[in-house]
Structure formats: C-alpha cells, structure tokens
Amino acid sequence: MTKICGVKALPFLALVLVLTVMGEQGQAHPCGSTFFSALIQMIPCRAAVAPFSPIQPSEACCNAVKTLGQPCLCTLVNGPPISGVDRNMALQLPDKCTANFEPCEIMKK
C-alpha cells in the first residue's frame, strides 16, 4: 500500500472521499447542515466559546458567524457535545457579533 508521510494512503483517501461527498450534498448552504462541516467553519470562534472564557469573539469569528448564519450555529448547538465548548456561550455569538438572525431552537435530547 502507498504511504503518504508515513501514513497508509487508503484510509486517508477514504476520508477525503467521504468529506467530498458530504460537501457536495450540502452545497445549498456553506455549512452543509452537517455537524462536522459546521464545526470546521466555526473554528475561529473556539477561544470565545471556551467555558468561562472572558475573550470576546474575534473579527474572524464574527465574520464566520455572519457568513454561515443561524443554520450552522444551530447545527452545532443541537449536535453532540464538543469538548472545550460552552453551548451557552456559543448561543451568545450572534448578539456579541451583531449578527441579525433568529436565535436557535434548542432540541430536547
């Protein structure tokens, strides 16, 4: 089996294929309405949503929130737990970033 930087290529290529298919299915919105793609898009907000973080969202975070909008944030808030992310702080991002969209509905699990 071919190796890329010491890693077997087949699992890596399978991951790329899966991510490509997921991305193609969600092209109507940049978030793709999937938890994983929403998480990737919101990486600039990580410091602002850490538990007990006094850090305000950065310009890059606010740009991501405004660009991706409510569907991405709601996908994250209603998805599985994310280590190091306070959901309540994530819910405050639209207000802190002056994004003009409706708040997320929290789905009961």
Side-chain angles (χ1 to χ4, degrees):
M1 186 178 293
T2 306
K3 289 189 176 188
I4 300 174
C5 298
V7 178
K8 292 183 180 179
L10 189 57
F12 175 75
L13 293 174
L15 177 63
V16 169
L17 179 63
V18 168
L19 293 176
T20 301
V21 170
M22 286 173 54
E24 288 174 359
Q25 290 175 347
Q27 285 186 6
H29 190 274
C31 180
S33 297
T34 66
F35 179 81
F36 182 73
S37 59
L39 183 61
I40 295 299
Q41 297 295 326
M42 300 298 282
I43 285 175
C45 299
R46 192 172 77 187
V49 297
F52 309 108
S53 174
I55 299 171
Q56 291 297 310
S58 66
E59 185 177 345
C61 170
C62 288
N63 287 340
V65 169
K66 291 173 184 176
T67 300
L68 299 173
Q70 183 207 34
C72 287
L73 186 60
C74 294
T75 296
L76 288 173
V77 169
N78 287 307
I82 307 166
S83 178
V85 173
D86 181 325
R87 289 177 194 261
N88 291 323
M89 294 191 72
L91 286 170
Q92 295 173 19
L93 287 174
D95 286 338
K96 289 181 177 182
C97 292
T98 62
N100 190 18
F101 54 81
E102 295 294 316
C104 298
E105 285 188 31
I106 306 299
M107 295 183 178
K108 302 290 181 199
K109 294 179 181 166

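Numbering of residues begins at 1 and proceeds along the displayed sequence.
Residues Glu59 and Cys62 have side chains not in contact (no heavy-atom distance under 4.5 Å, counting atoms from C-beta outward). In this structure the side chain of Lys66 never reaches within 4.5 angstrom of the side chain of Pro94, judged on heavy atoms. Using a 4.5 Å cut-off on side-chain heavy atoms (C-beta onward), Pro57 and Cys97 make contact. Within the 4.5 Å cutoff, the side chain of Val65 has heavy atoms near those of the Phe101 side chain.
The minimum heavy-atom distance linking Pro51 with Gly84 is given by the pair CD-O, 3.3 Å.
For Asp95, there are no side chain to side chain contact (heavy atoms under 4.5 Å, CB included) partners two or more places apart in sequence or in a different chain. Checked against side chain to side chain contact (heavy atoms under 4.5 Å, CB included), Ile82 has the following partners two or more places apart in sequence or in another chain: Phe35, Leu39, Leu76, Val85.
In this structure, the side chain of Ser53 engages the main chain of Ala47 through a donor-acceptor pair within 3.5 Å. Of the possible polar contacts, one joining the Gln70 side chain to the Pro103 backbone as a donor-acceptor pair under 3.5 Å is found.
To the nearest 0.5 angstrom, Cys74 atom SG is 10.0 Å from Glu102 atom CD. Between the CD atom in Gln56 and the CG atom in Leu93 there is a gap of 10.0 Å [rounded to 0.5 Å]. Atoms CD and OG1, from Gln41 and Thr67 in turn, are 9.0 Å apart once rounded to the nearest 0.5 Å.
Using a 4.5 Å cut-off between side-chain heavy atoms of Ile, Leu, Val, Met, Phe, Trp and Tyr, with links allowed through other members, Ile55 and Val49 fall into different hydrophobic clusters.
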